[in-house]
Structures are given as C-alpha cells and as structure tokens.
Amino acid sequence: MKNHPFHLVDNSPWPITGSMGLMTFTSGTVQWFHYNEMWLMNIGAVIIILTMIQWWRDVIRESTFQGLHTKKVIVSMKLGMILFISSEVLFFVSFFWAFFHSSLSPSIEVGMQWPPTGIITFNPMSIPLLNTMILLCSGISITWAHNALLNENFSQTVQSMILTIILGVYFTILQAIEYYEAPFTMADSIYGSTFFMSTGFHGIHVIIGTMFILISTLRIFKLHLSKNHHVGFEASAWYWHFVDVVWLFLYISIYWWGSN
C-alpha cells in the first residue's frame with residue numbers, strides 16, 4: 001500500500017546488463033573492423049537482446065498487471081518520450097550540419113564542387129522516392145491504427161499496425177538493396193561519410209520503430225491496451241512519425257538537392 005500516485009521502480013538488474021551488453025557489442029564491433037572476428041560482437045548482441053526482452057516484460061507487468069502506471073506516471077512517461085525524441089532530433093541535426101557545412105562551400109579536397117569529384121550519386125526519382133512513399137503511407141496507417149484504437153475497433157487497429165510493420169520491413173529491404181548497389185562507399189570523401197552515417201542511422205531507427213510497433217501489436221492481440229490506457233502505443237506512433245519526418249529531410253537535402 002502507498003499514499004502517492006507515483007511509481008518508485010523496484011531494484012532491477014537490466015540497466016547493468018544492458019550497459020554490459022552495449023560495451024561488449026561496441027568492443028566487438030571494433031574487433032570486427034580491425035581483426036575480422038565477430039564472436040565478441042555476437043555475444044554483446046545476445047546480451048542486449050535478452051536484456052530488452054526481460055526489461056520490456058517487466059514494464060508490461062508493471063503497467064498491465066500490477067496497475068503501477070497511474071495518470072501521473074503516464075504524464076511523466078510521455079514527457080520522457082518527448083525529451084528522448086528531442087534529443088534524437090539534435091542527433092540528426094549534427095549529421096545535417098556536417099552535410100551542409102561541406103556541400104554549401106566545398107573545399108579543394110573534394111574538387112571544390114558538390115557532389116565531390118568522382119562521386120556517382122543515386123537517382124532521387126528511383127528507390128529513394130519509392131521509400132519516401134512507403135514511409136508516408138506507413139505514417140497514414142499508424143494514424144489509422146491510433147484512431148481505430150480510440151474508437152475501440154481492435155480489428156482495424158491490428159490490421160493497420162500489421163500494414164505499418166510490413167511497410168517498415170519493405171523500406172528496410174529496399175534500403176539494404178540500395179546500399180548493396182551503391183557506387184560509392186563510406187570511405188569516399190565527406191559525401192560518403194555523411195550519406196551513410198545519416199541514412200544508416202535513420203535505417204537503424206526504422207528497424208527500432210518497426211520492433212516498437214510489433215511489440216505494441218502483440219500487446220493489442222493480448223488486450224493489454226485500451227482507448228484510455230495505451231501510452232506504449234502512443235510512444236511508438238510518435239517515434240514512427242519522427243522517423244518519417246527525418247526521412248523527408250534526408251530525401252530533400254541529401255538525395256534530391258545534394259545530388260545535383
């Protein structure tokens with residue numbers, strides 16, 4: 001029993017195991033780059049995945065079965081998600097800053113032109129435009145899911161969320177094909193560096209967002225969410241809209257403007 005509406009989290013091992021997994025994964029990535037050995041990176045990936053599964057399990061227990069996510073807790077969680085997305089915006093601003101710093105005033109090292117000498121850019125009317133349409137459609141479908149959930153139409157909610165997941169996976173596959181066929185690499189001047197860093201991190205965010213929506217879909221299947229209590233779904237929808245908006249900026253600045 002308690003006389004306050006706040007949730008004081010129990011002792012949990014997952015922050016420690018998560019940090020251990022991230023450190024192992026990062027060290028393993030360095031080992032992979034330098035010695036072409038992936039065993040340490042794979043161990044780190046397994047630790048991270050197991051931590052994610054069990055940490056999410058605990059959060060679902062707290063919110064759905066123990067009733068610990070009160071209205072005040074939900075407000076705090078929404079504010080936390082807003083701050084997290086704000087930090088992600090600044091994260092991508094750094095990539096755009098590097099891109100425009102180099103493209104608006106090309107140095108002599110890149111031939112004093114943009115794109116740099118020898119760089120063959122992608123056709124913005126090809127796969128990039130298709131990916132733009134895919135993400136815009138996925139933004140519509142996740143909004144449809146939210147509206148259906150508010151109207152307690154769970155069949156439409158599940159259908160639209162599955163459609164969003166399919167579109168997210170489709171985007172990721174097309175991005176992988178584009179990378180495979182790229183006529184330049186990350187080592188090809190500042191253009192290659194900014195292109196693969198910005199689009200690559202966006203691709204990682206698409207994968208994370210797809211997982212986020214997948215977990216929310218499974219929870220809806222199990223009737224964990226209602227029209228009055230669905231902060232997890234709202235967070236996934238906000239995150240997906242953020243991913244959509246970032247891609248629009250990437251498409252306009254890097255694929256379209258930056259290729260001319």
Side-chain angles (χ1 to χ4, degrees), residues 11-60 80-81 84-85 87-99 122 127-128 131 134-135 138 164-218 232 235-236 239-240 242-243 246-247 250 254:
N11 292 333
S12 172
W14 311 131
I16 298 174
T17 60
S19 61
M20 290 170 60
L22 288 171
M23 184 65 186
T24 306
F25 184 82
T26 305
S27 304
T29 305
V30 173
Q31 186 185 48
W32 177 38
F33 286 172
H34 285 275
Y35 303 108
N36 200 26
E37 295 180 359
M38 299 181 65
W39 62 269
L40 187 61
M41 186 179 72
N42 291 334
I43 292 174
V46 170
I47 295 173
I48 292 170
I49 291 169
L50 291 175
T51 299
M52 287 162 53
I53 292 171
Q54 294 172 100
W55 202 341
W56 293 347
R57 176 204 63 191
D58 289 352
V59 173
I60 290 171
M81 192 65 194
F84 170 68
I85 292 175
S87 71
E88 293 285 278
V89 170
L90 296 176
F91 178 73
F92 278 98
V93 163
S94 64
F95 296 137
F96 285 111
W97 189 294
F99 176 80
F122 289 103
I127 289 181
N131 270 343
I134 289 169
L135 280 188
S138 70
T164 307
I165 293 167
I166 292 171
L167 291 171
V169 172
Y170 187 26
F171 176 93
T172 303
I173 292 171
L174 289 176
Q175 191 77 6
I177 293 172
E178 184 181 69
Y179 277 9
Y180 182 76
E181 297 179 348
F184 56 89
T185 70
M186 194 173 185
D188 285 325
S189 77
I190 186 65
Y191 185 90
S193 300
T194 53
F195 176 86
F196 281 105
M197 285 293 287
S198 55
T199 59
F201 269 108
H202 176 268
I204 292 171
H205 282 71
V206 170
I207 294 171
I208 294 170
T210 304
M211 293 170 58
F212 206 166
I213 295 170
L214 175 61
I215 297 300
S216 296
T217 306
L218 294 175
S236 67
Y239 189 83
W240 196 252
F242 158 72
V243 168
V246 169
W247 176 258
L250 284 173
I254 294 181

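- Residues T29 and T26 have side chains not in contact (no heavy-atom distance under 4.5 Å, counting atoms from C-beta outward).
- Atom CE of M20 has 12 or fewer heavy atoms from other residues, nucleotides or ligands within 6.0 Å.
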Take V169 and I173 through the side-chain contact (heavy atoms from CB on, under 4.5 Å) test and state the conclusion after the steps. CA-CA 6 Å; V169 172; I173 292 171; 3.9 Å; yes
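- Partners of F196 according to the ring pair (Phe, Tyr, Trp, His ring centres under 6.0 Å) rule, which considers only residues two or more places apart in sequence or in another chain, are Y179, F184.
- Side-chain atoms of W55 and S12 include no donor-acceptor pair closer than 3.5 Å.
- Interatomic distance, N42 CG to F25 CZ, rounded to the nearest 0.5 Å: 8.5 Å.
- At least one side-chain heavy atom of W240 sits less than 4.5 Å from a side-chain heavy atom of V206.
- Contact record, T199 with L250: CA-CD1, 4.4 Å, taken as the closest heavy-atom pair.
- We find the CZ-OG distance between F99 and S94 to be 14.0 Å, quoted to the nearest 0.5 Å.
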If you apply the rule ring pair (Phe, Tyr, Trp, His ring centres under 6.0 Å), what do you find for F92 with H205, and how did you get there? CA-CA 11 Å; F92 278 98; H205 282 71; 5.1 Å; yes
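- Heavy-atom contacts from other residues, nucleotides or ligands closer than 6.0 Å to CE of M23 number 12 or fewer.
- Side-chain atoms of L135 and H202, non-hydrogen and from C-beta on, do get closer than 4.5 Å to each other.
- Between atom OG1 of residue T51 and atom CH2 of residue W56 there is a gap of 11.0 Å, rounded to the nearest 0.5 Å.
- Here the straight-line distance linking atom CD1 of I215 with atom CD1 of I165 works out to 9.0 Å at 0.5 Å rounding.
- For the atom pair OG1 (T17) and CG (L22), the distance works out to 9.5 Å, reported to the nearest 0.5 Å.
- Minimum heavy-atom separation, G232 to S216: O-OG, 3.8 Å.
- With values rounded to the nearest 0.5 angstrom, M197 atom CE is found 10.0 Å from I190 atom CD1.
- Taking 4.5 Å as the limit, every side-chain heavy atom of E181 sits out of range of all side-chain heavy atoms of F122.
- Y239 is listed as a side-chain neighbour of F84, based on a closest heavy-atom distance under 4.5 Å.
- A donor and an acceptor atom, one from each side chain of D58 and W14, are located under 3.5 Å apart.
- Within the 3.5 Å criterion, the main-chain N or O of F171 finds no donor-acceptor partner in the side chain of Q175.
- Between I254 and T194 the shortest side-chain heavy-atom distance does not fall below 4.5 Å.
- Counting only heavy atoms from C-beta outward, the side chains of P128 and E178 approach each other to under 4.5 Å.
- When each of F201, F242, W97 is checked for a ring-ring contact (aromatic ring centres under 6.0 Å, His included) with F91, only F201 meets the rule.
- Counting heavy atoms from C-beta outward, N131 and Y170 have side chains that stay 4.5 Å or more apart.
- Among all heavy-atom pairs drawn from A235 and F212, the shortest one is CB-CZ, 3.7 Å.
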Take L167 and T164 through the test side-chain contact (heavy atoms from CB on, under 4.5 Å) and record every step on the way to the result. CA-CA 5 Å; L167 291 171; T164 307; 5.7 Å; no
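- Within a 6.0 Å sphere centred on CD1 of I16, heavy atoms belonging to other residues, nucleotides or ligands number 12 at most.
- Within a 6.0 Å sphere centred on CZ of F96, other residues, nucleotides and ligands contribute more than 12 heavy atoms.
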